[in-house]
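Below is one structure, written out as structure tokens; comments come after it.
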Amino acid sequence: MSDGTPRMNDFQILTRNAVDVIEENDLRKRLEHAASKHAKLRVKFGMDPSSPDLHVGHSVQLLRLRAMQQAGHQIVLIVGDATAMVGDPSGRNKLRPQLSRAEVERNLVTYQEQAARVLDMSRTEVHRNSEWFDTMRFEDVLRLAGKATVARMLERDTFEKRMEAGEAIGVHEFLYPLMQGWDSVMIRSDVEIGGTDQLFNLLVGRELQEKEGQAPQICLTFPLINGLDGRKMSKSYGNSIGLTESAVEMFGKVMSLGDDVMGMWFALLTDLPEAEIEALLAGHPRAAKARLGEELAAFYHGRDAGRAARESFDRQFRDRELPSDIPEVEHAWPSDGVPLAILCRDLGLAPSSSEARRTIEQGGVKLAGEVQKDPKFVVQRPGEPLLVQFGKRKFVRVR
RNA sequence: GGGGAGGUUCCAGAGCGGCCAAAUGGGCCAGACUGUAAAUCUGGUGGUUCUCACCUUCGGCGGUUCGAAUCCGCCUCUCCCCA
């Protein structure tokens, strides 16, 4: 796939699914220029070390980077360790907590491991922006701040909304776009990509580069993918799929995806040709979703794992058989047995005995396949490992 | 610097001396239905071997009271108006 030489169809590769392409003609020109000189474009992507958990939402952009990398361009990953001290106001309606250096460092490590699932990190240039921000003096900061106006900052819809809603905006938050823009200057980026919520920040990079006598970077934005439930994808909503999740988890989560977001997921997360996607979407939604789940699981875990995940899911939920990989755990049994609610808590099936009790009373718990609605039901040490099912998906065998 | 309004359980938002672990909605969990979709219906949603009771919670610390999320004082944070 990759021979290290930029190709002429890079334009399509790079802009697939893109929402904003600024400036399109400029991008074509630069790609041609790079191709004719066998030069690489420097493609910048900023990572936010305040949230180290990457999910498929991030992969929309990572996949573009991967394509660019395979086309022979240079990916430059900026670790926003200095900016993380500020907190990106994008898409926020609240002030972000500021992180300590130690937290940032820790997050950075896990982030890189996860990014490596999509990118070839050995061919990726990585910079922390503290490299240039740490040595700035206040005077330098002021000079940077002087390159933007308050009116310009307030144009930002997120600030505008927060103002209207009467929420707090820290003065330091105005610095965030400037810092991110300055990163572009420091690494002389040709292209920067980000989510649609990053457009403002990306454009600030262009302006700063121009003021510093550099060619302004091309800005590409990509859609923010909706989560499993159709809302904005966010780890805190619990509607995302993490890049490190198992094939089985990925497949299962995809199956719980809302029908109306399926098309978006196909387009943004798979390489399937458009015609095939349309055919799938025209068929039965369950079949399409299963295909999507398998594609996704296969991308991160290989074809075999993808297929296995699908088969195991079908067994468990379509054919209503037990999952194949029920964990078996040892329990320290008191001689007179233990009440079911307590057992569930101790087995880690429920976070508290109260919660276990509620679930049990509502018929959500089965012992050896039989519903047991009495939380005080005393379970004795079983001869054979006892199958406990808690809710729809938690299974365990106790000994 | 002055004046005003606020900080409530995951979120939004009621409560304004006891009936408050705290309305309602959202989210989430469980059950029915089903394609682990949507829609709908039912129940639940701080903790404790728990239908009683007890413990922790309504920005923080103190106080008044038999009793405070609710009253008082100080502190702290946010928003608005004026300067």
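What's counted below: heavy atoms across the whole structure, side chains too, no hydrogens, waters or symmetry copies. Note that the structure is predicted; figures quoted are calculated from it, not measured. Numbered from 1 within each chain, the chains take letters A, B, ... in sequence-line order.
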Do any pairs count as a ring-ring contact (aromatic ring centres under 6.0 Å, His included) and have a residue in [range], sequence neighbours left out, and if so which ones?
range	result
residues 248-269 of chain A	A:Phe251-A:Phe313
residues 327-371 of chain A	A:His331-A:Trp333
residues 341-368 of chain A	none

Which value, in whole Å, describes the distance between the [atom1] atoms of nucleotides [N] and [M]?
N	M	atom1	result
B:C16	B:G26	P	24 Å
B:G60	B:C11	P	14 Å
B:U9	B:G59	C1'	14 Å
B:C58	B:A23	C1'	14 Å
B:G62	B:U57	P	12 Å
B:G67	B:U48	C1'	24 Å
B:G4	B:G13	P	24 Å
B:A68	B:G17	P	14 Å

>> Just N and O in the side chain of A:Arg357: are any of them under 4.0 Å from OP1 or OP2 of B:U48?
In response: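 False: A:Arg357 side-chain N/O out of range (4.0 Å or more) of B:U48 OP1/OP2.
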> Can you check whether A:Ser352 has a side-chain N or O nearer than 4.0 Å to OP1 or OP2 of B:U48?
Replying inline: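 For A:Ser352, the contact criterion (side-chain N or O under 4.0 Å from OP1 or OP2 of B:U48) is met.
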>> So which atom in A:Leu224 and which in A:Met264 form the shortest heavy-atom distance, rounded to 0.1 Å?
In response: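 What the structure gives for the nearest pair is O-CE, 3.8 Å.
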> Which residue pairs pass the salt bridge (Lys or Arg N to Asp or Glu O under 4.0 Å) test with at least one member in residues 334-347 of chain A, sequence neighbours excluded?
Replying inline: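 Sorted pair list comes back empty.
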Report all interatomic pairs (protein N or O, nucleotide N or O of nucleotides 25-33 of chain B) with separations under 3.5 Å.
from: B:A30; atom 1: O2'; to: A:Gln362; atom 2: O; distance (Å): 3.4

>> Tell me every residue that passes salt bridge (Lys or Arg N to Asp or Glu O under 4.0 Å) with A:Arg303, counting only those two or more places apart in sequence or in another chain.
In response: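 Checked A:Arg303 against salt bridge (Lys or Arg N to Asp or Glu O under 4.0 Å); matches are A:Glu295.
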>> The criterion is ring pair (Phe, Tyr, Trp, His ring centres under 6.0 Å); which residues satisfy it with A:His55, sequence neighbours excluded?
In response: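 A:His58.
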>> Can you list, in residue-number order, the parts of residues 275-301 of chain A that come under 4.0 Å of RNA chain B, counting heavy atoms only?
In response: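 Those residues are A:Pro285, A:Arg286, A:Lys289.
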> Which parts of residues 246-267 of chain A get close to RNA chain B, meaning a heavy atom less than 4.0 angstrom away?
Replying inline: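 Nucleic-acid contacts, sorted: A:Gly252, A:Met255, A:Ser256, A:Leu257, A:Gly258, A:Asp259.
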> Is there a Watson-Crick or G-U wobble partner for B:C71 with both distances under 3.5 Å, and if so, which one is it?
Replying inline: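 Across any shown strand, B:C71 pairs with B:G63.
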> Whom does B:G35 pair with, Watson-Crick or G-U wobble, provided both distances fall under 3.5 Å?
Replying inline: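 When the pairing criteria are applied, nothing turns out to pair with B:G35, so the answer is none.
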>> Going by side-chain hydrogen bond (donor to acceptor under 3.5 Å, both in side chains), name the pairs with one or both residues in residues 366-389 of chain A, residues two or more places apart or in two chains.
In response: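 Non-adjacent pairs meeting side-chain hydrogen bond (donor to acceptor under 3.5 Å, both in side chains): zero.
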> To the nearest 0.5 Å, how far apart are CZ in A:Arg286 and CZ in A:Arg318?
Replying inline: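 These two atoms lie 6.0 Å from each other.
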> Going by an N to O cut-off under 4.0 Å, is there a salt bridge joining A:Arg291 and A:Glu276?
Replying inline: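 Yes, charged N to carboxylate O under 4.0 Å.
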>> Using the side-chain hydrogen bond (donor to acceptor under 3.5 Å, both in side chains) criterion, which residues pair with A:Glu321? Sequence neighbours excluded.
In response: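 By the side-chain hydrogen bond (donor to acceptor under 3.5 Å, both in side chains) rule, A:Glu321 matches no residue at all.
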>> Suppose we screen for side-chain hydrogen bond (donor to acceptor under 3.5 Å, both in side chains). Which residues come up paired with A:Asp183, at least two apart in sequence or across chains?
In response: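 With sequence neighbours excluded, A:Asp183 shows a side-chain hydrogen bond (donor to acceptor under 3.5 Å, both in side chains) to A:Asn129, A:Trp132, given in chain and number order.
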